[in-house]
Amino acid sequence: MKRKALHIFLLFCTVFAYGQVTLAISEVKDAKVNQRFNLTVLLEIAGENMQQETPLRMPDLSKFEILGSASEQNTVVLDAKKGDIINQMVYQLSLSPKQIGKLKFGSVLVTVNGKIYKTEPFEINVRDNEKKSSVAGNSATNDVYLTIDIQDKEVYKNEPTVAVVRAHSRNYDNFRKIGKLRLPHQYNARIKPIHFAKSEIESSEGMASQVLCAFMIFPTESGIVELKPVSANFASPKRDNQISSNRVALNVKKLPSGMPEDFKNAVGNFDINVANKNAAEAPELEKPVNISLKISGVGNFGTLHLPKIVNSENYISFPPKITSKTSPQNDQLSGDIIADYVVIPKKTGAISVDFENFSFFDPSAKKYVDLGAKSVLLNVKTHEQIVDSKSTLEKVNDYTNTVLETVNTPVLQTHNLKIKDKNKINWKIVAGNLALMAALFSIFLVVKKRIKKGKEKPVEVKKPIVTIAETEALLRAKMNHQFEDHTEYLKKVVEEKDFEKFFSTYDELKDDVKKSFQTSTESEFRKYLEDHKGRILADQYRALSEQIQIEKYAPYHSEDQIEELLKRIISIYTEIRK
């Protein structure tokens, strides 16, 4: 480390030192127009009480094209003689002069402990580019490299900033050889891609560039955070198959004082809302209630700590199911994150389901915002109290709906016949129910009469089916008809979100399929599948059965998961019926 630092110091021509701060820059005397050169700045700060208050401030660079910038090295060493801690930072600029002649490079400034330190300005003699007789023989012409440009290098902890990855080359053909970008992974920053769409190739005075991707950086610690390089594959036999970008340093500021006690790490602009997803139904004792907590806005959703539900003897809560829907918009990560809780009340009466306080830091206003604690009030009743509170007509409606829903008619769309609860009597619905009951009674009498007459008539002896092929064809036709009825009904109950009916209907489908293959137990059916349908299909059926058991007894059912389960059921049972 000491030899490396000594080597860097020998390259510097101008050194300005004051007390415990050393600021130096490498001097460039000769350069060529539109040709890249590197400029290195060294900053050393010795002592624990010395605080860097501003990042390095560069002079006017309007006469140069900035191809990239990065902190190549940021280390802390111990001076053995004085016993001081020395913080070293090596900062590099990749520049290209835009015009020939003498160009003045001004002073680099930095503020440490309220005092400004600077380097001495110097001149760069820029010459014209020498023309080459063969473009193909010029290795610099075919060169390609990556750079990372960061929109805002000075941010707060957990505040996002946008980085853009560019490729630079003088040969347009090099851009199509770049592929498979790899973004960095590190413990002190979270990376979220924005896009990997290549832009149009831009050209400026002989140097071309193209945007390859953009991503967001969420620094998770304060201080100087150095971002690792972005790498990519480059298809060329004359060089390594991988190219890397420069390193980039962020100046991550600490959050200001005045932090609320309940503040965790939310940085951005948020809003919070809690609600009872079963608000239309009266909460019942010892029955689950779905409580939803939703945080929406812009900020660090990936590292955000959600407020937890407060434990209470009045209810039992289960770990929530987290759903996040975010997208990058206007250089921010916007969207919402939802936590669905299952709460079981343990006492009757009015109980409050409380959540922890939630506060966040707004970097645009540079202040903390406390949204306070959110809660949901539940008026819990027993099953008898809920039944007694209903009117006579509502009880009749509940009974009628129960009968219509439990009748095993998978093709009949009974949901159109459900009677909705009303505060006043709807005589049209009452008349419709009476007419329906009369029609069902009439159908019952007619069917009974026909059965009685059928018993009196001589039974016609049908020709028996003697061949195995005819028997299999008959069983297959019957099984296909039952399978279509069950699948249509399964789709209908999924649309109605009647998940309990979904699992009971699946059990009926499974029993019918078992009977069609003349198997009674689960082990016999699996053995039949393995012997006649193959081991792969038997394993798929076994995995499906395990997943259904898990979903059946889960405290909360997701509509997306049930729809995915339905697709697997149709796919696997279609293969079984072949």
As a quick check of understanding, evaluate side-chain contact (heavy atoms from CB on, under 4.5 Å) for F503 and V493, giving each step before the final call.
CA-CA 10 Å; F503 292 108; V493 296; over 6 Å; no
Below 4.5 Å, heavy atoms only, C-beta onward: do L544 and Y573 meet side chain to side chain?
yes
Specify the closest pair of heavy atoms between S352 and S375, including all atoms of both residues, with the distance to one decimal.
OG-CB, 3.6 Å
Do L212 and F175 have side chains that get closer than 4.5 Å, going by heavy atoms?
no
Correct closest heavy-atom pair for A339 and P320 would be CB-CB, 4.0 Å
So does K514 get a backbone contact from the side chain of T519, meaning a donor-acceptor N/O pair under 3.5 Å?
yes
Might you confirm whether atom NZ of K294 has over 12 heavy atoms from other residues, nucleotides or ligands at distances under 6.0 Å?
no
Any side-chain to backbone donor/acceptor pair from Q186 onto E226? Under 3.5 Å, distance only.
yes
Flag the pair L565 / V494 as yes when at least one side-chain heavy-atom distance between them is below 4.5 Å, and no otherwise.
no
What is the minimum heavy-atom distance between I148 and K228, and which atoms define it?
CD1-O, 4.4 Å
Apply side-chain contact (heavy atoms from CB on, under 4.5 Å) to the pair D262 and D370, showing each step before the final yes or no.
CA-CA 9 Å; D262 57 333; D370 191 354; 3.8 Å; yes
Scanning both residues in full, the closest heavy-atom pair of I178 with A232 reads CG2-CB, 3.9 Å
Say you draw a straight line from OG of S231 to CG of L181; how long is it, rounded to the nearest 0.5 Å?
8.0 Å
In Å, rounded to the nearest 0.5 Å, how long is the span from CZ of F270 to CZ of F361?
12.0 Å
Minimum heavy-atom distance K491-L566, with the two atoms named
CG-CD2, 3.8 Å
Would a line drawn from the ring center of F301 to the ring center of F218 be shorter than 6.0 Å?
no
Counting neighbours of NZ on K347 that are heavy atoms of other residues, nucleotides or ligands and sit closer than 6.0 Å, is the number greater than 12?
no
Judged by atom type as modelled, is there a donor-acceptor pair below 3.5 Å linking the side chain of Q210 to the main-chain atoms of S199?
yes
Between atom CG of N357 and atom CD1 of I272, what is the distance when rounded to the nearest 0.5 Å?
9.5 Å
Close side-chain approach of I309 to V343, heavy-atom, < 4.5 Å
yes
Side chains of L509 and I569 in contact at under 4.5 Å (non-hydrogen atoms):
yes
Check this for me, if you would: do E522 and R526 make a salt bridge, where the nitrogen-to-carboxylate-oxygen distance has to be below 4.0 angstrom?
yes
Shortest non-hydrogen separation from P288 to I344 and the atoms involved
CA-CG1, 4.1 Å
The reported gap from CD in E159 to CE in M216 (rounded to nearest 0.5 angstrom) is 11.0 Å
Just so I know, are the side chains of L333 and V298 near enough to count as touching, which here means a heavy-atom distance under 4.5 Å?
no
Do the ring planes of F360 and F358 sit parallel (below 30°), tilted (30 to 60°) or perpendicular (above 60°)?
tilted
Let me know which of L227, T161, N188 forms a side-chain contact (heavy atoms from CB on, under 4.5 Å) with L250.
T161
For the pair F499 and Q561, evaluate side-chain contact (heavy atoms from CB on, under 4.5 Å) and give the outcome as yes or no after the intermediate values.
CA-CA 11 Å; F499 300 134; Q561 292 176 348; over 6 Å; no
Do side-chain atoms of K277 reach the backbone of N290 as a donor and acceptor pair under 3.5 angstrom?
no
R182 side, atom CZ; C213 side, atom SG - distance, nearest 0.5 Å:
12.0 Å
Should I338 and I322 be marked as a side-chain contact (heavy atoms from CB on, under 4.5 Å) after you check the CA-CA gap, both sets of side-chain angles, and the distance that decides it?
CA-CA 6 Å; I338 302 173; I322 308 298; over 6 Å; no
Does I536 CD1 have over 12 foreign heavy atoms under 6.0 Å away?
no
So which of N276, L293, I351 actually passes side-chain contact (heavy atoms from CB on, under 4.5 Å) with V376?
N276
Is the backbone of V513 close enough, under 3.5 Å, to the side chain of S516 for a donor and an acceptor to pair up by distance?
yes
Taking C-beta and beyond as the side chain, do E524 and Q518 meet within less than 4.5 Å on heavy atoms?
no
Is it true that the side chains of R190 and N158 contain a donor and an acceptor less than 3.5 Å apart?
no
Using a 3.5 Å distance criterion without hydrogens, assess whether the side chain of T505 forms a donor-acceptor pair with backbone atoms of K501.
yes
Answer whether the closest heavy-atom distance between the side chains of T348 and T382 falls below 4.5 Å.
yes
Do the side chains of K346 and E286 get close enough for a salt bridge, i.e. N-O under 4.0 angstrom?
yes
Intermediate values then yes/no, ring pair (Phe, Tyr, Trp, His ring centres under 6.0 Å), Y315 and Y341:
CA-CA 12 Å; Y315 54 82; Y341 286 88; 9.9 Å; no
